[in-house]
Amino acid sequence: MRGRTRIAHLPEHAGQEVTLGGWVTHRRSKGKIAFLVVRDGTGICQLVASVKDVDEETFARMEKVTQESAVLVRGTVREDRRAPGGYEVLVRELEIVGPAEEYPISPKEHGIEFLLDHRHLWLRHRRPWAILRIRHEIVQACRDFFYDNEFVLIDSPILTPAACEGTSTLFETDYFGEKAYLSQSGQLYLEPAAMAFDRVYCFGPTFRAEKSKTRRHLTEFWMIEPEIAWAGLDEVMELAERLVSYVVERVLERRRTELEILERDVSKLESVAPPFPRLSYDEAAEILLRPENVARAKEAGAPPFEPGNDLGAMDETILGELHDRPVMIHRYPTKVKAFYMEPDPENPDRALCVDVIAPEGYGEIIGGSERIHDPELLRRRIEEHNLPEEAFRWYMDVRKFGGVPHGGFGMGIERVVAWICGTRHIRETIPYPRTINRIYP
RNA sequence: UCCGGAGUAGCUCAGCUGGUAGAGCAGGUGGCUGUUAACCACCGGGUCGGGGGUUCGAGUCCCUCCUCCGGAGCCA
């Protein structure tokens, strides 16, 4: 609507008459004076009307308008420290554009199931507002980072003919009579593109039919995946720490208000800067096997760490707590990792891979590796993993036609948002979460 | 899939050793000239998750199924 002032810009209009459009969040009437708090997506603003300043009908509307009704207001902006945000609008005219029925989300507490059932309305509230604006900043920061570092955006397909890392966790769908699967990673498509563009990345939704029921899992989540030609594990790790540090810095710089709404302890984020501590799997294993850490895991009821196995949630928490910034764990046992990871030439039982573990128990946010570039080794691995060779023919071509060392990683956006926002559960970090038992709204 | 917990008003919950349903918020009506999740008074609101059983009597005890929550594994 032309001439509408948005609430975020009210301070620039102090003393002037403005038109606001917004939704009513609270109504407080007090006899001959009435207060309305409205929200317009950019901020919140208190409206005030006194019975002697407005006509009878306008005052009656102030007192009657229901929560979440859409209103259009004309009035004068005034600085007043009693108003939330420091500015309020003295109402002259109030039009109820879209009246609201009885609104289900009341100002008191609600359970998570109820809120998720009403996610489409819950989005209007402060906490989702803050989290999703930080998500927006994180995504934009990633895009800026890759642009500034000369990465080319190569989006990967979502409908795919075969698995990247095994078929058990794929969503299957029909593709004109053939089986197709929703993508669980863009990586296989990025590797060929890295040979064409040098540095590439993709960013899109990925789908995993894992029956995970934890606060770190979604069945549909967004992943940002860079891939670089001529890169080894060290370059992959450097890129990861630079990206994560840049993202955190951007949020601290531009989303202070949102972090305050979430009551995030920002001192925990301010220490995030390169270099991140690097720990080999074997060094991590040594730490996890110390008596105090074994006892700690036992106390929490977590399964004990077994050397040679992947790290569990508790193991990641213990390792993450040792540092004030994300920790990078590299060179996991080859057998617990994906088929395409390059073995360490110094110890082929270890893969040239890295997981980045966020602090404060938020767990793995990045998984990456150097990729196998020798065609014969890759062929053997595909065979060992019982993967259909035919489906990987084009992937083999990356090695057959000028194979070079290359590597990259995937970063789960929602986990990064959860960590930076300090939200306990990942389902709040995406507008419409998809979990094992939720596909509504 | 496994382990633990919970389903009672629109929402969040209380309801003891079995005796026939309650509070706050939300909604409605009225009052109040600076409220801040405003306040005060009054009013309406329930197949106690479904099914079965024990009992004179079940929200409460037993069996069973369903749903959700927390955690594990798997992963980003």
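Each chain gets a letter, A, B and so on, in the order its sequence line appears, and its residues count up from 1.
- From Arg427(A), atom CZ reaches atom CD1 of Ile112(A) across 4.0 Å, with rounding to the nearest 0.5 Å.
- Across C32(B), A76(B), U12(B), the shortest atom-to-atom separation from the side chain of Arg415(A) is found for A76(B).
- If you check distances only, the side chain of Glu113(A) never reaches the base of U67(B) with a donor-acceptor pair under 3.5 Å.
- Across all strands, His118(A) comes closer than 4.0 Å to no nucleic acid atom at all (heavy-atom distances).
- Close placement of the Phe339(A) and Phe392(A) rings is indicated, their centers lying within 6.0 Å of each other.
- Here Thr66(A) lies out of heavy-atom contact (under 4.0 Å) with every strand.
- Arg438(A) comes within 4.0 angstrom of nothing in the nucleic acid, heavy atoms only.
- Counting only Watson-Crick and G-U wobble pairs whose two distances sit under 3.5 Å, RNA chain B takes part in these stems of three or more pairs: B:1-7 with B:66-72, B:10-13 with B:22-25, B:27-31 with B:39-43, B:49-53 with B:61-65.
- Of the candidates C68(B), A72(B), U33(B), A72(B) carries the atom nearest the Lys213(A) side chain, counting heavy atoms from C-beta on.
- Across all strands shown, Ile105(A) has no heavy atoms under 4.0 Å from either base or sugar-phosphate atoms.
- Gln46(A) comes within contact range of at least one nucleobase, with a heavy-atom separation under 4.0 Å.
- Ring-plane geometry between Tyr332(A) and Tyr281(A) is classed as tilted, the angle between the planes lying from 30 to 60 degrees on a 0 to 90 degree scale.
- Taking atom P in both C3(B) and G73(B), one finds a spacing of 16 Å when rounded to whole Å.
- Shown for residues 306-315 of chain A: residues whose heavy atoms fall under 4.0 angstrom of RNA chain B, namely Asp310(A), Gly312(A), Ala313(A).
- The base of C69(B) lies outside donor-acceptor range of the side chain of Arg215(A), with no N or O pair under 3.5 Å.
- Along RNA chain B, the nucleotide nearest Val51(A) and the nucleotide nearest Asn437(A) are compared for position; the residue whose nucleotide lies closer to the 5' end is Val51(A).
- Ion pairing between a basic and an acidic side chain is recognised when a charged N comes within 4.0 Å of a carboxylate O; Arg438(A) and Asp117(A) show such pairing.
- Arg81(A) comes within contact range of no nucleotide atom at all, as no heavy-atom separation falls under 4.0 Å.
- For Arg427(A), counting side-chain heavy atoms from C-beta on, the closest listed nucleotide (U12(B), G34(B), G70(B)) is G70(B).
- Among the heavy atoms of the strands, none lies under 4.0 Å from Asp355(A).
- The base of G34(B) sits with one of its N or O atoms less than 3.5 Å from a complementary donor or acceptor on the side chain of Glu88(A).
- Side-chain atoms of His425(A) lie closest to G70(B) of the nucleotides G73(B), G70(B), G34(B).
- A salt bridge does not link Glu260(A) to Arg256(A): none of the charged nitrogens lies less than 4.0 Å from a carboxylate oxygen.
- Within 4.0 Å of His217(A), counting heavy atoms only, lies at least one base atom of the nucleic acid.
- Annotation for Glu57(A): atom CD does not count as buried by contact number, only 12 or fewer foreign heavy atoms lying within 6.0 Å.
- Note on Lys335(A) versus Glu384(A): no salt bridge recorded, every NZ/NE/NH1/NH2 to OD/OE distance being 4.0 Å or above.
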Test side-chain hydrogen bond (donor to acceptor under 3.5 Å, both in side chains) on Arg242(A) and Tyr246(A); report intermediate values, then the result. CA-CA 6 Å; Arg242(A) 280 178 54 220; Tyr246(A) 179 77; over 6 Å; no

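- Put simply, the side chain of Ser212(A) and the base of C74(B) share a donor and an acceptor less than 3.5 Å apart.
- Counting non-hydrogen atoms under 4.0 angstrom, Pro104(A) reaches nothing in the nucleic acid.
- Counting any heavy atom pair closer than 4.0 Å across all strands shown, Ile112(A) reaches sugar-phosphate atoms only and no base atom.
- Using a 4.0 Å heavy-atom criterion, one finds that Met223(A) contacts the sugar-phosphate atoms exclusively.
- With respect to Glu428(A) and Arg119(A), no salt bridge is recorded, no charged nitrogen being found less than 4.0 Å from a carboxylate O.
- Using a 4.0 Å heavy-atom cutoff across all strands shown, Arg216(A) reaches at least one base atom of the nucleic acid.
- Sparse packing is recorded around CD of Glu101(A), with 12 or fewer heavy atoms of other residues, nucleotides or ligands lying under 6.0 Å away.
- Side-chain to base pairing of Arg78(A) with G34(B): one donor and one acceptor N or O lie within less than 3.5 Å of each other.
- C48(B) and A6(B) have their C1' atoms separated by 14 Å, given to the nearest Å.
- Centre separation under 5.5 Å together with a plane angle under 30° does not hold for the ring of Phe35(A) and the six-membered base ring of G34(B), so they are not marked as stacked.
- Ion pairing of Arg264(A) with Glu360(A) is present here, as a side-chain N (NZ or NE/NH1/NH2) and a carboxylate O approach within less than 4.0 Å.
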